[in-house]
Amino acid sequence: VLCYDEAHVVRDSQATLELPLNTLLAVVARLQREGIPLMLVVCGLPTLTENLARAKSYSERMFQAEELDRLRSPEDVYAFTLPLETAGRGYEPALAAALASDVRGYPFFIQFFGALLWESTPWPTPLTQDDYARSRPAILAALDRAFFDARFARTSPAERRLLLTIASQGETAALRHVINALGMSNGATQRLMSRLADKGLVYRPERGIVGFAVPLFGEYLRRTAHLEAS
């Protein structure tokens, strides 16, 4: 079994004739036809599906798709509270609800917020909602440095304008609004979105809508100076 995480970063380029994804799929398909017991498992952000479709027209027949979305209630609360209960550390139910509302079911953020909250409060003091309110600004600042800043730094000025336009509407925006706000043609806007999708920053959750592939990215842009810089 070949297992690849972050597989959305692997994509083909017809312009430069660099076709790593096409080659991987072709080799796996050939070996499977020859009876070799080989399985390929790839995991990544939503742009992975589009990259696979571009690489091989029949790629949807090669895979059994499983959507690993954000945790739903009460899974998000359990992800935070069960480790506390296992470790024997008390907590306020209101704290768990407040943190779950903030992280919006994103598993890594639950781990990140939970770890920093634990470290900010002396053991074995139970964790409270007041502890979270006091620590939240520092947790968000740490998340910016560890997660969001590097992703934003990889974008061009034109791409940043598009990201900030989406952020001004929330975590998703109507494509028509984005085009009008940017004052660009539909084709130019689509090319910008394609580049951002290749970087794993945006995707289209439904027709006519564009959104951030990573939760809380819009909030990050709104609460930092990036929005003012636009």
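Bear in mind that the values here come from a model prediction, so they are computed numbers and not experimental data.
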* Does the side chain of L221 come within less than 4.5 Å of R160's, by heavy atoms? -> no
* To do: Measure the spacing between OG1 of T172 and CD1 of I209 and express it to the nearest 0.5 Å.
  => 6.0 Å
* To do: Given side chain to side chain contact (heavy atoms under 4.5 Å, CB included), test L140 with R223 step by step and report yes or no.
  => CA-CA 10 Å; L140 291 176; R223 74 167 175 268; 3.9 Å; yes
* Asked: Between atom CG of L196 and atom CZ of F212, what is the distance when rounded to the nearest 0.5 Å?
  -> 9.0 Å
* Is there side-chain contact between L192 and R161, with at least one heavy-atom pair below 4.5 Å? -> no
* Flag, side chain of N51 to backbone of H8, donor-acceptor distance under 3.5 Å -> yes
* So, are R70 and D76 salt-bridged, with charged N and O less than 4.0 Å apart? -> no
* To do: Decide, yes or no, whether a salt bridge links R222 with E171 under the criterion of side-chain N to carboxylate O below 4.0 Å.
  => yes
* Would a distance-only check, ignoring hydrogens and angles, find a side-chain to backbone donor-acceptor pair under 3.5 Å from S168 to T165? -> yes
* To do: For the pair Q169 and H177, evaluate side chain to side chain contact (heavy atoms under 4.5 Å, CB included) and give the outcome as yes or no after the intermediate values.
  => CA-CA 9 Å; Q169 300 297 298; H177 170 83; 3.1 Å; yes
* Asked: Do the side-chain N and O atoms of Q32 and E34 include a donor-acceptor pair separated by under 3.5 angstrom?
  -> no
* **Gap between atom CG of L182 and atom CG of L162 - 0.5 Å precision** => 5.0 Å
* **N/O donor-acceptor pair under 3.5 Å between S194 side chain and Q190 backbone** => no
* To do: Go through the steps to decide whether E159 and K199 satisfy the test salt bridge (Lys or Arg N to Asp or Glu O under 4.0 Å), and finish with yes or no.
  => CA-CA 11 Å; E159 292 168 349; K199 294 177 181 179; 2.7 Å; yes
* State plainly whether the residues E219 and R104 are in salt-bridge range, i.e. N to O under 4.0 Å. => yes
* With a cut-off of 6.0 Å (strictly less than), are more than 12 heavy atoms of other residues, nucleotides or ligands near CZ of R134? -> yes
* Asked: Just by modelled atom types, is the Q129 backbone N or O under 3.5 Å from a matching donor or acceptor in the E92 side chain?
  -> yes
* Asked: Hey, are the side chains of M193 and V210 touching, using non-hydrogen atoms and a 4.5 Å cut-off?
  -> yes
* Asked: So do K56 and N22 actually touch side chain to side chain, heavy atoms under 4.5 Å?
  -> yes
* Asked: Taking side chain as C-beta onward, heavy atoms only, is V214 less than 4.5 Å from F148?
  -> yes
* To do: Please check if L2 and V9 belong to a single hydrophobic cluster, counting links between Ile, Leu, Val, Met, Phe, Trp and Tyr side chain heavy atoms closer than 4.5 Å.
  => yes
* Taking C-beta and beyond as the side chain, do L40 and L24 meet within less than 4.5 Å on heavy atoms? -> yes
* For side-chain hydrogen bond (donor to acceptor under 3.5 Å, both in side chains), just list the numbers for R195 and S156, CA-CA rounded to whole Å, side-chain angles, deciding distance to a tenth of an Å, and then say yes or no. => CA-CA 10 Å; R195 280 157 42 186; S156 69; 3.3 Å; yes
* To do: Check the pair S13 / T16 against side-chain hydrogen bond (donor to acceptor under 3.5 Å, both in side chains), numbers first and verdict last.
  => CA-CA 6 Å; S13 172; T16 60; 3.0 Å; yes
* **4.5 Å side-chain heavy-atom contact, F63 and V42** => yes
* Applying the 4.5 Å side-chain criterion to the ILVMFWY set and letting contacts propagate, would L201 and F152 be lumped into a single cluster? -> yes
* I would like to know whether Y91 and E85 meet side-chain hydrogen bond (donor to acceptor under 3.5 Å, both in side chains); could you show each step before the answer? => CA-CA 9 Å; Y91 62 89; E85 293 170 2; 2.6 Å; yes
* Asked: Are side-chain N/O atoms of T128 and D131 paired as donor and acceptor at under 3.5 Å?
  -> yes
* Does L31 share a hydrophobic cluster with V1, counting links as ILVMFWY side-chain heavy atoms below 4.5 Å and allowing steps through other members? -> no
* **Minimum heavy-atom distance between G218 and A167, given as atom pair plus value** => O-CB, 3.9 Å
* Does R151 make a cation-pi contact with F147, if we ask for NZ or CZ under 6.0 Å from the ring centre and within 45° of the axis? -> yes
* Asked: Which other residues end up in the same hydrophobic cluster as L17, if Ile, Leu, Val, Met, Phe, Trp and Tyr are linked when side-chain heavy atoms come under 4.5 Å apart?
  -> none
* Structure fact -> In this structure, CD1 of I179 is separated from CE of M184 (nearest 0.5 Å) by 9.5 Å
* **D69 side, atom CG; E75 side, atom CD - distance, nearest 0.5 Å** => 10.0 Å
* **same_hphob_cluster(L21, L19) at 4.5 Å side-chain heavy-atom cutoff** => no
* Asked: According to a 4.5 Å side-chain heavy-atom criterion applied to Ile, Leu, Val, Met, Phe, Trp and Tyr, with indirect links allowed, do L99 and I139 form part of one hydrophobic cluster?
  -> yes
Between side-chain atoms of residues 108-118 and protein atoms elsewhere (two or more places apart, or another chain), which donor-acceptor pairs fall under 3.5 Å?
none

* Asked: Considering all heavy atoms of both residues, which atom of G211 and which atom of P205 are nearest to each other, and what is their separation?
  -> N-CD, 3.9 Å
* **Close side-chain approach of Y132 to L127, heavy-atom, < 4.5 Å** => no
* Structure fact -> When rounded to the nearest 0.5 Å, the distance separating OH of Y220 from CG of L163 is 10.5 Å
* **Atom CZ of R154 with >12 non-hydrogen neighbours under 6.0 angstrom** => yes
